[in-house]
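Below: one structure, written as structure tokens.
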Amino acid sequence: MGPASLQGEMETEKEPKEEMESYHYLLQASAQLESTLQQVTVPVSMKEVGGYIEKQVAYLSGGRGEDSSVIITLPECSAFSDIPEEALAKVFTYLTLIPRMRQPGVKFIIILDRRLDTWASIKTALSRIAASFPGNLHLVLVLRPTSFFHRTVTDIGFRFSQEDFMLQMPVVMLSSVTDLLRYIDENQLTSEFGGTLDYCHSDWIVLRTAIESFAVTVKDIAQMLQSFGTELAETELPDDRKDTQHLLETHTAKYRKLKDAIKSVSKEGHHLLLSLETSGKEDDAQWDVRMDWETVQRLYTQLRDMESAFDGFFEKHRLKFHQYLQLLRYEQSFQETEMRLQALMSEERELPVSVSTLAQTEQVLKRFDSLESNAQEVMSQTQIFILHGHQLSAGHHYAMALIMQRCNELRHYCDTLDAALKAKRAHLLQTHQLLLCLGQAQTWCDNGAYLLANQLVDRLQSKEGAQAALQDIEKFLEEAPSMLSSGPDVLAIEYEGVITPQLQTQIAETFEKHVAVQQMIQNRQACLRKLADKHVRPVQLVAPRPENPPRSKSPFSPKHGDGLKFTFDLPLPGKRVSRKSPNPRKIEVIHDYQESRSCVAYSLEGEDSPDMQKRHVMRELLNTERIYVDELLSVLLGYRAEMDNPALIGLLPPILRSKRDILFGNMPEIYNFHSRIFLQDLEGCLETPEGVGACFLERKECFQMYECYCQNKLRSDALWRQFSDCHFFQECQKKLEHKLGLDSYLLKPVQRLTKYQLLLKELLKYSTDCKGTSELQGALTAMLDLLKSVNDSMHQIAITGYEGDICELGRVLMQGSFSVWISHKRGPTRMKELARFKPMQRHLFLYERALLFCKRREEHGDGGDKTPSYSFKHCLKMTAVGITENVKGDQKKFEIWYSGREEVYVVQAPSVDVKMSWLHELRRILTDQQKLLRDEMYQHSHLMGHVQPPPPFSESKQQRVSVSSEDTESGRSSPDLQAQSPKSQQHDRRNI
């Protein structure tokens with residue numbers, strides 16, 4: 001299930017109830033704050049009238065008159081008459097709105113101070129007040145001019161104009177400040193009017209500016225919080241985990257930015273409240289100050305409430321995103337785990353159960369063990385994954401139902417896989433037990449035949465010898481496997497669930513073989529009892545026949561027919577024949593069951609015969625193989641596995657814990673191959689050494705793992721040199737009681753690989769003109785090719801500077817160092833020009849598709865060792881390469897030319913043999929290319945309707961063909977076939 005389907009399945013769960021409730025709380029807090037702002041915010045701001053307020057055109061001192069009327073003072077102002085009507089109206093509006101927002105319907109008293117002015121100015125001011133004042137004007141108190149002249153003029157003018165003013169507003173003309181006290185208390189008047197009210201105009205401006213700025217900032221913050229909250233609530237969850245993570249990070253960054261802004265505003269509000277509280281604590285605190293404090297306090301409290309609501313909402317939003325990310329990761333892990341479990345179940349179903357040999361069963365059991373190990377690891381991880389799902393559900397994850405469904409699905413997968421693995425293991429173990437019993441029975445039958453054959457006839461002529469032989473036979477019969485006594489029917493019932501037609505046939509053949517051996521033993525017992533009862537005449541020794549009859553690995557081969565014939569070489573295990581025996585002889589035992597008679601003829605063969613030498617080599621091969629397997633096991637258990645030992649973890653450098661695969665390479669893979677497969681193959685060839693070649697050829701591909709080991713050996717050696725003095729290795733060597741260090745054992749696979757070809761040469765030496773010689777020769781060739789391939793690959797990994805993918809060049813076929821001259825000219829003087837220049841030393845690598853020119857360099861490694869590296873210089877594609885086999889003047893030289901001889905490389909080999917081997921490979925590559933090209937041309941002509949069979953491509957024809965490759969306009973390489981002239985043939989120059 002992908003993210004899209006997961007999105008649809010969780011659509012009803014994307015908006016948890018808690019988040020929506022938090023969002024509603026945020027909206028409610030925002031609405032309350034908005035309502036408060038509407039109540040306390042003045043439509044006209046200080047910025048609009050700040051210039052006139054600062055000039056003290058009018059001001060609010062905070063004093064109160066009759067009926068708590070608000071006092072507005074218009075002090076002496078020489079520029080009052082110059083103030084525009086619109087500006088004056090804004091000033092009056094601003095000053096009246098502040099009290100009206102706090103106390104709707106409040107009355108106002110204006111004190112017009114014109115003590116230093118004239119009647120004209122008073123009259124103008126009263127007219128403008130009447131025209132511009134927006135509030136409920138209760139009374140206008142005018143302090144008339146103090147000078148006698150202007151006071152008289154004012155009295156006269158006011159008397160004639162009183163009625164006009166009184167119709168518009170109540171005006172009281174006062175002669176002095178003392179008269180003012182009759183209308184307003186002394187404590188409500190400022191000091192300029194003889195009162196005690198403390199008022200500072202600049203402080204009032206600063207306070208009003210701070211309050212308005214705080215209110216505006218709170219309003220902006222509230223709008224941003226509401227807008228961001230709406231954005232979060234309407235955000236759709238992305239399908240991609242990275243997009244979701246990015247979106248969450250973006251939201252978190254915005255949230256933190258808003259939190260910083262809220263913190264700054266809260267700090268500003270806190271300072272403002274402290275300032276107002278300081279003023280409000282005074283006994284004569286103004287009523288306006290207390291009102292301002294209450295306003296700011298309301299805004300501050302509601303801002304904190306909105307911040308708290310926003311924090312709760314964002315926390316729910318963040319939790320939802322985190323849970324969604326957890327769900328995406330859980331779903332992805334579920335899909336990966338489900339695929340792994342399904343793959344294991346598929347692998348389990350593909351694992352065969354119908355096997356017919358013990359080797360096949362053990363191979364299948366090996367695969368099953370690997371499968372079961374992987375399955376146990378995956379199921380353990382699945383159990384942890386299921387536990388994680390339960391933890392998510394216990395944490396009140398909003399997709400709890402989906403998570404539990406996934407847990408149940410994985411649990412069902414694990415139960416199904418576990419049951420299938422147990423059933424298959426039981427089946428394979430039962431099959432293995434049956435084949436093991438059959439193998440033991442077969443071995444017992446073979447041992448019986450060998451026992452009869454090893455009873456020397458000259459020792460049976462005495463009564464004591466016959467009785468001893470009878471006792472050996474009776475003791476052997478006591479060791480017979482129990483299954484032979486039960487019979488095939490009982491065996492079929494016991495192993496009914498695993499028996500296949502092939503196994504049924506093996507069971508029948510085993511019991512038939514048992515019957516035959518029983519008959520042989522009964523005949524021998526009858527003969528020995530007669531010899532034990534009376535004295536018999538010695539059997540005459542028979543001279544060996546000129547030609548030895550062919551020996552069979554098992555005496556029960558079908559070709560024996562009714563009469564069974566067995567040939568055994570002396571000495572057998574436990575028997576030795578003296579080298580002083582003058583006449584090599586061989587014992588030959590012939591049994592005829594039809595006539596119930598037996599006769600014995602024998603001859604003894606010396607140990608120096610080719611057959612005995614083969615056995616010696618075979619025993620050496622098998623014994624050294626067992627030692628090799630034991631040594632590999634000791635390294636893997638005594639060093640590699642000890643890296644996980646908690647008791648030694650303190651002695652191990654931390655860097656080595658992650659580099660065990662570099663130190664040991666693929667040694668575990670090599671050990672598994674030799675211990676479980678190849679050693680058993682060799683043990684099966686103990687009595688038939690000629691079959692060893694077939695074993696090597698059958699496992700030829702498996703030996704390629706040594707190439708990987710050898711390529712890693714340089715890195716392993718470098719790592720060992722770095723940590724060879726580590727106490728961990730010393731402790732492991734001490735526990736293993738090894739005399740040599742780990743580096744000596746890490747060299748064992750390389751030494752073993754070279755040992756095989758030596759032993760195969762020895763076997764081939766003593767196996768001329770016998771069965772299995774061709775397989776031995778093929779095995780020797782395969783191992784030599786493997787050594788060459790390993791050597792070439794070791795050189796290849798040292799190439800530096802090649803920018804392309806070197807694997808695209810194909811398999812490396814040859815490599816070596818040469819002297820090289822390069823020319824880019826044509827004509828007969830080319831060789832003379834080349835001779836003037838000193839040759840370059842180049843290391844050539846021949847691949848299936850290209851030829852690389854490199855320069856060998858010696859690099860000094862750790863400990864003063866010199867390691868070669870090859871600096872890449874040039875690459876020639878084989879599709880555009882030609883060769884000239886002989887260069888006049890030097891038998892070790894040959895030419896490699898490129899792109900129609902535009903580039904010519906004269907190459908001098910170290911020896912003629914090296915030159916011929918390189919020419920052989922180059923001819924083969926170019927000839928294969930030419931054959932492929934001819935086939936393509938034939939197919940093309942066939943498609944075009946001109947069907948002409950390709951001419952025969954004989955070897956002699958190949959030697960007369962010149963192949964050059966040029967790049968055409970289409971970018972392909974097309975060969976040009978030309979017959980070679982006789983003159984060029986005289987120079988023995990062949991271009992391929």
Side-chain angles (χ1 to χ4, degrees), residues 1-10 239-242 325-355 359-393 399 401-432 497-498 500 636 644 658 660-661 665-673 675-677 699 701-702 704-705 708 807:
M1 180 182 296
S5 59
L6 178 66
Q7 191 84 345
E9 194 168 319
M10 298 184 307
D239 294 337
D240 185 67
R241 188 173 68 182
K242 292 183 178 179
L325 284 172
Q326 289 175 344
L327 190 60
L328 287 178
R329 286 192 290 267
Y330 191 84
E331 183 66 19
Q332 181 180 358
S333 300
F334 167 78
Q335 293 175 5
E336 294 173 355
T337 305
E338 183 183 35
M339 291 177 60
R340 294 177 67 184
L341 289 172
Q342 289 177 348
L344 288 170
M345 295 173 71
S346 177
E347 186 177 353
E348 182 274 329
R349 287 191 295 269
E350 294 174 359
L351 200 65
V353 292
S354 299
V355 289
Q360 289 178 354
T361 308
E362 291 176 348
Q363 187 174 4
V364 173
L365 278 172
K366 175 186 174 183
R367 291 175 54 192
F368 180 83
D369 290 339
S370 176
L371 171 63
E372 189 176 41
S373 176
N374 294 337
Q376 292 298 331
E377 181 180 355
V378 172
M379 287 191 291
S380 298
Q381 295 174 356
T382 304
Q383 292 300 325
I384 297 175
F385 183 71
I386 292 174
L387 179 61
H388 178 56
H390 285 289
Q391 291 174 347
L392 290 178
S393 299
L402 179 62
I403 293 174
M404 294 308 299
Q405 177 185 344
R406 295 289 188 257
C407 292
N408 293 333
E409 291 178 11
L410 292 179
R411 191 177 291 108
H412 175 71
Y413 278 125
C414 290
D415 293 343
T416 304
L417 178 60
D418 187 57
L421 289 174
K422 288 181 179 178
K424 183 150 290 187
R425 172 172 283 281
H427 189 283
L428 289 174
L429 289 177
Q430 197 172 15
T431 304
H432 182 268
V498 299
T500 60
L636 294 176
D644 297 326
S658 59
R660 71 171 70 187
D661 292 336
N666 61 334
M667 183 179 287
E669 182 184 8
I670 294 175
Y671 169 74
N672 289 335
F673 164 66
S675 64
R676 301 183 182 182
I677 299 175
R699 309 298 179 185
E701 298 299 328
C702 298
Q704 296 299 324
M705 65 181 69
C708 178
C807 297

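We use all heavy atoms of the structure for the numbers below, so side chains are in, but hydrogens, waters and symmetry mates are not.
- The number of heavy-atom neighbours closer than 6.0 Å to NE2 of His412, taken from other residues, nucleotides and ligands shown, is 12 or below.
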Query raised in the report: Step by step, would you call Glu409 with Leu341 a side-chain contact (heavy atoms from CB on, under 4.5 Å)?
Result: CA-CA 11 Å; Glu409 291 178 11; Leu341 289 172; over 6 Å; no
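- Of all the heavy atoms in His427 and Val353, the pair that sits closest is CE1-O, 3.6 Å.
- Taking the charged nitrogens against the carboxylate oxygens, Asp415 and Arg411 have no contact shorter than 4.0 Å, which rules out a salt bridge.
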Cut-off 3.5 Å, no hydrogens considered: what does the side-chain donor-acceptor table look like for residues 361-369, sequence neighbours left out?
| from | atom 1 | to | atom 2 | distance (Å) |
| --- | --- | --- | --- | --- |
| Thr361 | OG1 | Thr357 | O | 2.8 |
| Glu362 | OE1 | Gln680 | NE2 | 3.2 |
| Asp369 | OD1 | Arg425 | NH2 | 2.7 |

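- Here OG of Ser675 is found 11.5 Å from CD1 of Ile670. Values are rounded to the nearest 0.5 Å.
- For the atom pair OG1 of Thr382 and CD of Glu377, the computed distance is 10.5 Å after rounding to the nearest 0.5 Å.
- Ring pair Tyr330/His388 is tilted by interplanar angle, where 30° to 60° counts as tilted.
- Glu372 and Gln376 share no donor-acceptor pair across their side chains, judged by distance under 3.5 Å alone.
- In this structure, the side chain of Ser393 engages the main chain of Gly389 through a donor-acceptor pair within 3.5 Å.
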Query raised in the report: After noting the C-alpha distance and the side-chain angles of Glu347 and Leu351, does the key distance pass the side-chain contact (heavy atoms from CB on, under 4.5 Å) rule?
Result: CA-CA 6 Å; Glu347 186 177 353; Leu351 200 65; 5.9 Å; no
Requested in this report: Take Leu344 and Leu421 through the side-chain contact (heavy atoms from CB on, under 4.5 Å) test and state the conclusion after the steps.
Outcome: CA-CA 10 Å; Leu344 288 170; Leu421 289 174; over 6 Å; no
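- Closest heavy-atom contact between Met404 and His390: CE-CE1, 3.2 Å.
- Ser370 places a side-chain heavy atom less than 4.5 Å from the side chain of Asn374.
- Put simply, CD on Gln381 and SG on Cys414 are 10.5 Å apart, with the number rounded to the nearest 0.5 Å.
- The shortest distance between side-chain heavy atoms of Glu331 and Leu327 does not fall below 4.5 Å.
- No donor-acceptor pair under 3.5 Å is formed between the side chain of Asn666 and the backbone N or O of Cys708.
- Here the straight-line distance linking atom CZ of Phe334 with atom SG of Cys407 works out to 9.0 Å at 0.5 Å rounding.
- Within the 4.5 Å cutoff, side-chain heavy atoms of Arg660 are placed close to those of Asp644.
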Report task. Take Tyr413 and Gln342, measure what side-chain contact (heavy atoms from CB on, under 4.5 Å) needs, and give me the verdict at the end. Result -> CA-CA 8 Å; Tyr413 278 125; Gln342 289 177 348; 3.0 Å; yes
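- The structure places CD of Gln326 at 5.0 Å from CG of Leu392, a figure rounded to the nearest 0.5 Å.
- Note: Thr416 OG1 to Met345 CE = 5.0 Å, rounded to the nearest 0.5 Å.
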